[in-house]
Amino acid sequence: MSGEIPKVPGVPSTTTPPVDEPTSPVEPPAAKPDQAEPAVATATGTPADLPRGRAQQGAYLTTAQGARLTDTDHSLKAGRRGPILLQDHHFREKITHFDHERIPERVVHARGAGAHGVFRANGAASSITRAQFLQKDVETPVFVRFSTVLGSRGSADAVRDTRGFATKFYTEEGTFDLVGNNIPVFFIQDAIKFPDIIHAGKPHPDREIPQAQSAHDTFWDFVSLHTEATAHTMWNMSDRGIPRSYRTMEGFGVHTFRLVDADGGTALVKFHWKPRLGVHSLVWEEAQMVNGFDPDFHRRDLADAIEAGACPEWDLGVQVFPDTPEQTFEGIDLLDPTKIVPEELAPVQIVGTMVLNANPTNFFVETEQVAFHPGHLVPGIDVTDDPLLQGRLFSYLDTQITRLGGPNFAQIPINRPHAPVNDMFRDGFHQHAVHTGVAPYKPNSLDAGCPFMAAVTEGAFVDTPVQVPAAQKEREVSRTFDDHYSQVRQFYRSLTPIERAHIAHAYTFELGKCYEQSIKERQLQILANVDTELCETVAAGLGLPAPKATVEVPDLPSSPALAQVGKEWPVQGRLIGIVADDTTDVDQLLEAVQAIDAADCVPLVIAPHGGMLGGAVPISRTFLTARSIEFDAVILASAAPDARVGILVDETFRHHKALAAWGAGAKALEGREAPGVVVADGPQAAVGQILELLRTHRVWERNAV
Ligand code: HDD
């Protein structure tokens with residue numbers, strides 16, 4: 001029998017009142033012009049279901065199963081004043097999903113910011129590597145995540161710390177991750193000590209303070225007992241520990257890697273990222289203020305710059321060394337991650353350029369879920385026996401399994417290789433692929449033998465057959481790792497006086513925050529072995545006697561390339577504040593704004609109130625919302641009689657930033673005659689002089705902070 005089923009008596013239907021939506025239904029919004037999403041080219045999904053399609057289809061709110069909903073504001077109750085019913089699937093699904101929205105933060109490098117971009121090779125590396133993405137004019141999509149190390153996910157950006165600089169190259173031969181830092185040396189020589197240095201740097205286990213800082217007893221306890229950390233600690237105390245922006249940081253692969261050419265010939269290399277905008281830092285007082293006034297300073301800076309089209313660029317370079325059995329260069333052990341090779345001994349040769357040109361569309365999906373691994377290598381790039389690198393090769397895969405909830409994290413859109421994947425891995429939590437066939441094993445005949453092994457000529461990755469010297473098993477490192485001081489002294493003495501002063505100040509501050517006198521004394525002993533004057537300055541600041549050196553440390557030649565002060569750089573993307581008010585000549589103000597714009601810098605007009613000035617110039621900040629830390633330089637077009645303008649000028653002056661004024665603004669600079677303080681005869685001249693001063697980043701001739 002067929003036909004329509006006859007109606008039977010049932011519950012009378014109630015009419016649900018129509019939902020009062022502010023607009024009629026529309027499709028979900030598209031990504032903004034500055035945003036990009038992980039590419040859909042992948043072996044584990046079809047373009048149609050990636051990456052947003054499955055998440056946001058159609059104009060109507062649905063359950064996770066796709067049933068449209070009439071109401072998401074009220075739970076299903078037994079009467080308007082009654083209890084919620086267990087039956088309410090939408091309520092339970094909504095709350096359950098929310099309850100599980102967070103995933104564990106990274107155990108280190110939890111705080112970060114990411115961006116998409118493109119790497120273009122110039123071909124210079126073709127002679128030393130067969131890696132396809134390093135061949136001339138090859139363009140490779142990249143995703144970069146910058147991070148701090150110690151702080152948790154919500155911690156402030158401008159803390160004194162090392163910065164992570166991790167790059168994922170989605171090459172045609174598989175994904176290559178360069179998981180580096182902005183400091184070229186590391187705290188430890190053997191990965192087995194990583195939990196020790198991290199436990200020492202993280203907040204104290206009893207009170208969980210301080211957050212995201214090294215200025216506390218456990219950190220200095222460890223590094224003062226562990227002299228191989230001296231190099232990294234000194235770099236942290238230098239200006240490198242408080243970058244001005246992610247855009248103005250160098251990046252380093254830290255370890256020595258092995259490149260393999262088309263004929264199987266090998267070379268050892270160290271990777272360097274060189275920012276086109278130069279290496280610039282904050283000053284310490286400014287960094288501390290940033291963390292209060294704008295804890296998202298670096299994250300905001302990166303996203304704003306990309307949105308504004310000021311896309312940051314880095315050149316990728318390599319220092320190249322012969323692959324000798326000793327794996328040393330000019331007496332430096334290339335397997336020791338606490339050592340650099342000065343650029344004067346081995347120049348950095350540029351092999352390509354990266355531009356970061358798109359912001360993530362969704363922070364969690366991309367920046368939070370991206371998973372890097374130093375073992376993600378491609379044919380032509382191999383690891384060395386650096387014992388730190390060897391240990392890292394274990395840790396990164398292991399940590400993702402907990403953090404990303406199972407072994408299938410490579411199927412998350414941001415982690416999907418752009419090369420075809422046929423890995424025979426099956427099942428597991430969050431499996432998204434619909435595998436076909438019956439034989440995920442090798443050898444097989446049932447799936448016609450598929451997948452097949454590749455030859456080198458078919459693009460296979462081959463572990464370089466490096467000779468392993470006959471040796472006995474032992475828990476040791478090479479004696480050539482033993483010199484913990486000479487390169488630290490070399491670094492310190494290669495810096496300019498202002499940079500050295502910053503280092504002395506940083507040690508004095510950090511040790512001054514420690515409670516245990518024995519820790520301070522032990523660290524002073526280390527400094528005595530590095531540089532007498534540095535030790536004496538810090539000791540004086542701490543009110544302790546300066547010890548004498550206990551080890552003979554050879555003096556190495558200076559390496560001027562290590563200094564970041566004393567050079568000139570492009571000024572693109574710098575933020576210039578202009579103080580104005582209703583008495584300011586609007587035409588002149590416009591002239592200044594346009595001149596700053598024309599130099600590819602960002603003009604930010606600061607006024608007593610919001611809105612516009614003279615009906616023509618939009619106001620970016622008010623005296624209430626502006627603080628000096630946001631601006632690289634300040635121009636005064638008015639001497640507005642407001643104490644907050646005085647504070648702005650004071651801080652800008654104290655932090656060595658350029659100041660200029662024209663017209664009535666000159667009054668605000670009275671009594672501040674000093675280098676980098678300019679009274680100009682008009683807006684063009686004021687902007688011109690500011691741009692010139694910005695080329696050196698700060699006016700260091702002014703008294704040190
Ligand atoms: Fe590491 C994350 C860089 C030593 C174990 N590391 C992590 C990140 C960067 C670095 C940039 C963040 C990646 C991201 O943005 O997701 N790590 C380094 C460098 C090192 C180094 C340059 C030394 C030269 N790391 C190191 C050692 C170990 C780890 C010796 C363990 C033995 N690192 C990890 C980790 C993390 C990590 C626990 C946490 C989150 C993650 O891996 O994905 O596996």
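Along the sequence shown, residues carry numbers from 1. Keep in mind that the numbers below use all heavy atoms, side chains included, and drop hydrogens, waters and symmetry copies. Note that this is a predicted model, so its numbers are computed, not measured. Note that ligands are numbered from 1 as they come in the structure, with each ligand's atoms numbered from 1 the same way.
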Legend entry - Of F176, F169, Y170, the residue whose pairing with F119 passes ring-ring contact (aromatic ring centres under 6.0 Å, His included): F169
Inset, instruction - Could you name the protein residues that come within less than 4.0 Å of ligand 1, counting only heavy atoms, and order them by chain and residue number? - result: R106, V107, V108, H109, R145, G164, F165, V179, G180, N181, F186, A191, F194, V254, H255, F372, L388, R392, S395, Y396, T399, Q400
Inset, instruction - Please check if any side-chain donor atom of S214 sits under 3.5 Å from a side-chain acceptor atom of E510, or the reverse. - result: yes
Inset, instruction - Compute the centroid of each ring, for W273 and then for F252, and state whether the two points are separated by less than 6.0 Å. - result: no
Legend entry - salt_bridge(K168, D177) N-O dist < 4.0 Å: yes
Legend entry - Y492 ring center within less than 6.0 Å of W235 ring center: no
Legend entry - Pairing of R276 and E313 as salt bridge, 4.0 angstrom limit: yes
